[in-house]
Amino acid sequence: MTLTPELLLQHSDAGTLWPAQDRDAGNWPDLEVAYRDALAVRALREKRGEQPVGFKVGFTNRTIWERYGVFAPIWGTVWNTTLTRAEGDEGRLSLAQLAQPRLEPEVVFGMRATPPRAPTLEALFECIDWLAPGFEVVQSHCENWKFSAPETVADSGLHGRLLVGRATPVRALSSSGEALDKLLAACTVRLSHGDQQMDLGQGANVLDGPLHALLHFVEELQDYAGAPEIKPGDVVTTGTWTDAWPVQPGQQWRADFAAPLPPLTVRFA
């Protein structure tokens, strides 16, 4: 059976895995076909009243490419129904209707303008309003997180939930794109579950830094015919600084970023 956009959305709503017999390589022979279906799912969600509020960029962390068998970044949509803003440095997220959820600590950009064509780091810096620590809960409707790159794209970029922490105006951190790039690339994060340290990461893990990851995404988005553009007010995630860790209801996780980024704690229901 072909996994149509309608069936993809049904599995997403229910949090159910794709049936093994339906995972035919003919569904998405390449990324272009996968993005076509992902955008069709986006249109279905908009038709029923959901509002896109930005984008997630995934698989920017080169240190985990081989583990997941995906060797280039992908992107998907963030929705008003999947975005939560933390109160101070802590927030709550529900894992209901998510398939095999995993947690990723990363940096989120708040955009104040649509990036120009063929942007530089400096031009991109001028389009950013704020940045914040974030937790993205990713999911996979493929059993045991075994998938092809096109399947990750068709699976809405694996996006499940996004918690955005305390925002800092970008110009309070840096006066140029070059300076912000260096600052974020050198920044580190310690990921903890309860009192146990689980992982360490660094901004440089994501395509040499979150600003570079944002630049790569903007270029990819602009090159894909029919893709929506970034709008003022959109949020853009830039990829996990650590591995993605399985999570369950009742757990508490914390990301301690190095200065100047604040920490972020999430509690799961």
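These numbers come from the heavy atoms of this one structure, side chains and all, not from hydrogens, waters or symmetry mates. Since the model is a prediction, treat every value here as computed from it, not as a measurement.
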Determine, using the 4.5 Å side-chain heavy-atom cutoff (strictly less than), whether [X] and [Y] are members of one ILVMFWY cluster.
| X | Y | value |
| --- | --- | --- |
| L39 | L9 | no |
| I128 | F217 | yes |
| V57 | F135 | no |
| L180 | V189 | yes |

[X] side chain to [Y] backbone, donor-acceptor under 3.5 Å:
| X | Y | value |
| --- | --- | --- |
| E220 | P73 | no |
| N205 | W241 | yes |
| E122 | G177 | yes |
| E151 | S148 | yes |
| Q100 | C142 | yes |
| S94 | A96 | yes |
| D181 | L184 | no |
| N144 | K146 | no |
| D234 | M111 | no |
| Y35 | W75 | yes |

Check the pair V218 / I230 against side chain to side chain contact (heavy atoms under 4.5 Å, CB included), numbers first and verdict last. CA-CA 8 Å; V218 169; I230 293 174; 3.8 Å; yes
Qualifying residue for side-chain contact (heavy atoms from CB on, under 4.5 Å) with P210, from D208, L214, V206, L207: V206
So D155 and L8, side chain to side chain contact (heavy atoms under 4.5 Å, CB included) or not? Walk me through it. CA-CA 7 Å; D155 199 6; L8 291 172; 5.9 Å; no
So that I can tick it off, tell me whether [Y] and [X] are bridged by a salt bridge, with the cut-off set at under 4.0 angstrom between side-chain N and carboxylate O.
| X | Y | result |
| --- | --- | --- |
| E178 | K182 | yes |
| E50 | R42 | no |
| E136 | R161 | no |
| R48 | D13 | yes |

Establish, for the pair R171 and F125, whether the NZ or CZ atom is under 6.0 angstrom from the six-membered ring centre and no further than 45 degrees off its axis. yes
Starting at CG of L103, measure out to CE of M198 and round the result to the nearest 0.5 Å. 10.5 Å
Just how far is it from atom OG1 of T63 to atom CG of D243, taken to the nearest 0.5 Å? 7.5 Å
As a quick check of understanding, evaluate side chain to side chain contact (heavy atoms under 4.5 Å, CB included) for T84 and L162, giving each step before the final call. CA-CA 6 Å; T84 299; L162 177 63; over 6 Å; no
Heavy-atom pair with the smallest gap, counting every atom of [X] and [Y]:
| X | Y | answer |
| --- | --- | --- |
| Q251 | P246 | OE1-O, 4.2 Å |
| A38 | A154 | CB-CA, 4.4 Å |
| A213 | T60 | CB-CG2, 4.1 Å |
| T81 | R45 | OG1-NH2, 3.8 Å |

No-hydrogen, no-angle side-chain donor-acceptor test under 3.5 Å, H159 and T77: no
Check the side chains of D37 and W28 for a donor-acceptor pair under 3.5 angstrom, ignoring hydrogens and angles. yes
How are the rings of Y68 and F147 set relative to one another: parallel (under 30°), tilted (30 to 60°) or perpendicular (over 60°)? parallel
Check the angle between the aromatic planes of W18 and H141 and answer parallel, tilted or perpendicular using the 30° and 60° thresholds. parallel
Evaluate the salt bridge (Lys or Arg N to Asp or Glu O under 4.0 Å) criterion for residues R23 and E143: first the C-alpha distance (whole Å), next the side-chain angles of each, then the deciding distance (0.1 Å), finally the verdict. CA-CA 11 Å; R23 291 182 60 191; E143 189 173 7; over 6 Å; no
Could you please spell out the steps behind the side chain to side chain contact (heavy atoms under 4.5 Å, CB included) verdict for W245 and R102? CA-CA 5 Å; W245 288 84; R102 297 190 178 193; 5.8 Å; no
Using the ring-ring contact (aromatic ring centres under 6.0 Å, His included) rule, collect all pairs that involve residues 191-214, keeping only residues at least two apart or in two chains. H193-W253
Is the count of non-hydrogen atoms from other residues, nucleotides or ligands lying under 6.0 Å from E66 atom CD greater than 12? no
